[in-house]
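Since the model is a prediction, treat every value here as computed from it, not as a measurement. Heavy atoms only: backbone and side chains are in, while hydrogens, waters and symmetry mates are out. Index from 1, following the sequence.
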Amino acid sequence: MDRVAFVGSPGSGKSTLAAEVAQLIDGSTIELDALFHRPGWEPTPTPEFRAAVLEATTASERWASAGNYSIVMDIVHGRADTIVWLDLPRWLVTLRVIRRSIGRVVRREELWNGNREQLRRLLSRDPEHSIVVWTWTQFPKYRDRYQSFLDGPLWSHADVHRLRSRRDVRHFVESLSAS
């Protein structure tokens with residue numbers, strides 16, 4: 001296991017696990033959100049984003065990435081030798097996003113490139129503004145997408161792990177720590 005792509009709904013633990021696994025494999029962490037979000041939450045134009053992701057995935061032979069960006073899946077998933085789909089329950093990931101986001105707002109925690117979550121956006125009913133609403137409404141889309149990848153050729157080259165519970169996640173990390 002040298003190049004690991006973590007995918008799943010917001011709140012599933014992609015970033016946390018990518019950082020942990022990167023340490024275990026002595027590799028780098030690739031946080032796709034950090035490459036995508038410019039200051040003021042401005043998106044990086046697609047050609048620049050793809051170039052940044054290509055550079056990140058070729059700069060090191062060992063890495064763990066976190067993110068769901070379809071515009072770079074061919075790069076990230078194509079280079080990954082292991083794909084971990086964090087398919088935790090909808091209620092759990094939504095609860096995690098609520099807790100995480102409230103904590104970030106209270107602490108005024110910087111995420112990427114000076115960006116911070118804001119309470120007014122968090123309370124919005126618009127999924128384009130509220131990560132909580134996005135998580136709840138987009139959950140079926142993520143599950144359908146990754147189920148189709150599991151059943152199709154896109155992931156056939158990789159060792160794929162579908163983790164459906166906190167116990168599955170714990171066992172996965174323990175198995176890496178033991179080896």
Side-chain angles (χ1 to χ4, degrees), residues 4-25 27-44 49 53 56 63-70 72-73 76 82-147 149-150 160-177:
V4 188
F6 287 91
V7 299
S9 174
S12 60
K14 296 180 301 293
S15 297
T16 301
L17 279 174
E20 188 172 353
V21 168
Q23 280 192 317
L24 289 171
I25 65 172
S28 59
T29 304
I30 301 170
E31 179 63 59
L32 296 180
D33 281 333
L35 298 175
F36 182 77
H37 294 290
R38 290 181 167 183
W41 295 104
E42 287 297 316
T44 299
F49 181 47
V53 171
W63 48 260
S65 71
N68 293 307
Y69 292 89
S70 58
V72 293
M73 271 186 210
V76 177
T82 306
I83 297 172
V84 179
W85 173 17
L86 296 165
D87 187 22
L88 302 176
R90 186 184 208 175
W91 68 267
L92 177 60
V93 296
T94 304
L95 181 62
R96 284 179 170 182
V97 166
I98 291 168
R99 287 180 180 159
R100 176 184 77 188
S101 296
I102 289 172
R104 287 174 173 173
V105 168
V106 168
R107 291 186 305 273
R108 296 204 25 82
E109 182 179 328
E110 181 179 328
L111 299 176
W112 315 281
N113 304 312
N115 296 312
R116 290 177 169 74
E117 291 192 53
Q118 299 171 345
L119 185 59
R120 68 178 165 77
R121 290 180 66 100
L122 187 61
L123 298 175
S124 171
R125 293 181 183 192
D126 181 351
E128 294 297 321
H129 296 300
S130 171
I131 187 63
V132 174
V133 178
W134 177 269
T135 300
W136 185 260
T137 61
Q138 298 301 306
F139 184 88
K141 178 184 97 173
Y142 288 110
R143 182 166 274 168
D144 291 347
R145 172 193 291 170
Y146 297 127
Q147 182 63 55
F149 292 171
L150 191 62
V160 180
H161 300 266
R162 183 178 186 181
L163 309 180
R164 297 182 188 204
S165 68
R166 290 181 278 199
R167 177 190 291 165
D168 288 351
V169 172
R170 186 175 60 251
H171 289 321
F172 176 77
V173 172
E174 287 170 355
S175 72
L176 294 180
S177 298

> So, for Glu128 and Trp134, which heavy atoms are closest and what is the spacing to 0.1 Å?
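Residues Glu128 and Trp134, closest heavy atoms: OE2-CZ3, 3.5 Å.
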> If you compare all heavy atoms of Leu176 against all heavy atoms of Leu24, which two are closest, and at what distance to 0.1 Å?
CB-CD1, 4.0 Å
> For Ile131 and Arg100, which heavy atoms make the closest approach, and how far apart are they?
CG1-NH2, 4.3 Å
> Are Arg96 and Leu88 side-chain neighbours, meaning at least one heavy-atom pair lies under 4.5 Å?
yes
> Atom CZ in Arg145, atom CD in Gln138: separation rounded to 0.5 Å?
9.0 Å
> How far does CG of Leu111 sit from CG of Asp33, to the nearest 0.5 angstrom?
8.5 Å
> Hey, does the side chain of Asn115 reach the backbone of Gly40 with a donor-acceptor pair shorter than 3.5 angstrom?
yes
> Using only atom types and a distance under 3.5 Å, with no angle test, would you say the side chain of Arg38 pairs donor to acceptor with the backbone of Asn113?
no
> Are Pro10 and Tyr142 side-chain neighbours, meaning at least one heavy-atom pair lies under 4.5 Å?
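Yes, their side chains come closer than 4.5 Å.
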> Is atom CZ of Arg116 surrounded by more than 12 heavy atoms (other residues, nucleotides or ligands) closer than 6.0 Å?
yes
> What's the spacing between Thr82 OG1 and Phe6 CZ if we round to 0.5 Å?
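Rounded to the nearest 0.5 Å, the OG1-CZ separation comes to 8.5 Å.
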> Heavy atoms only: give me the nearest Ser9-Val93 pair and the separation to one decimal.
OG-CG2, 3.7 Å
> Looking at OG of Ser177 and CD of Glu20, how far apart are the two atoms once the value is rounded to the nearest 0.5 Å?
6.5 Å
> Determine whether Arg170 and Ser165 make a side-chain contact, defined as any pair of heavy atoms from C-beta on separated by less than 4.5 Å.
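Answer no - side chains too far apart.
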> Do the non-hydrogen side-chain atoms of Ile83 and Phe149 ever get within less than 4.5 Å of each other?
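Side chain of Ile83 against side chain of Phe149, heavy atoms only: no contact under 4.5 Å found.
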> Would you name the heavy atoms of Met73 and Asn68 that are closest together and state the gap between them?
CE-O, 3.8 Å
> Do the side chains of Leu32 and Val72 get nearer than 4.5 Å, heavy atoms only?
yes
> Could you check whether atom CZ of Arg162 has more than 12 heavy atoms from other residues, nucleotides or ligands sitting under 6.0 Å from it?
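Check passes, neighbour count above 12.
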> How long is the straight-line distance from CG of Leu35 back to CH2 of Trp112, given to the nearest 0.5 Å?
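Answer rounded to 0.5 Å: 11.0 Å.
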> What distance do Gln118 atom CD and Trp41 atom CH2 have between them, rounded to the nearest 0.5 Å?
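The CH2 atom of Trp41 is 8.5 Å from CD of Gln118, to the nearest 0.5 Å.
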> CD of Gln23: more than 12 outside heavy atoms within 6.0 angstrom?
no
> Does atom CZ of Arg166 have more than 12 heavy-atom neighbours from other groups under 6.0 Å away?
no
> Would you call the rings of Tyr69 and His37 parallel, tilted or perpendicular, where under 30° means parallel and over 60° means perpendicular?
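Aromatic pair Tyr69/His37 classed perpendicular.
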> Considering residues, nucleotides and ligands other than Arg125, do more than 12 of their heavy atoms fall under 6.0 Å from its CZ?
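For Arg125, atom CZ is not crowded (no more than 12 foreign heavy atoms under 6.0 Å).
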> Begin with the C-alpha distance, continue with both residues' side-chain angles, and end with the deciding distance and a verdict on side-chain contact (heavy atoms from CB on, under 4.5 Å) for Arg143 and Trp85.
CA-CA 9 Å; Arg143 182 166 274 168; Trp85 173 17; 4.2 Å; yes
> Taking all non-hydrogen atoms of both residues into account, name the closest pair between Ala18 and Thr29 and its distance.
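Between these two residues, the closest heavy atoms are O-OG1, 4.0 Å.
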> Taking Arg164's backbone N and O only, do any of them form a donor-acceptor pair with Asp168's side chain (distance below 3.5 Å, no angle check)?
yes
> Quick one: are Phe172 and Val84 in side-chain contact, heavy atoms under 4.5 Å?
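In short, these two side chains touch, coming nearer than 4.5 Å.
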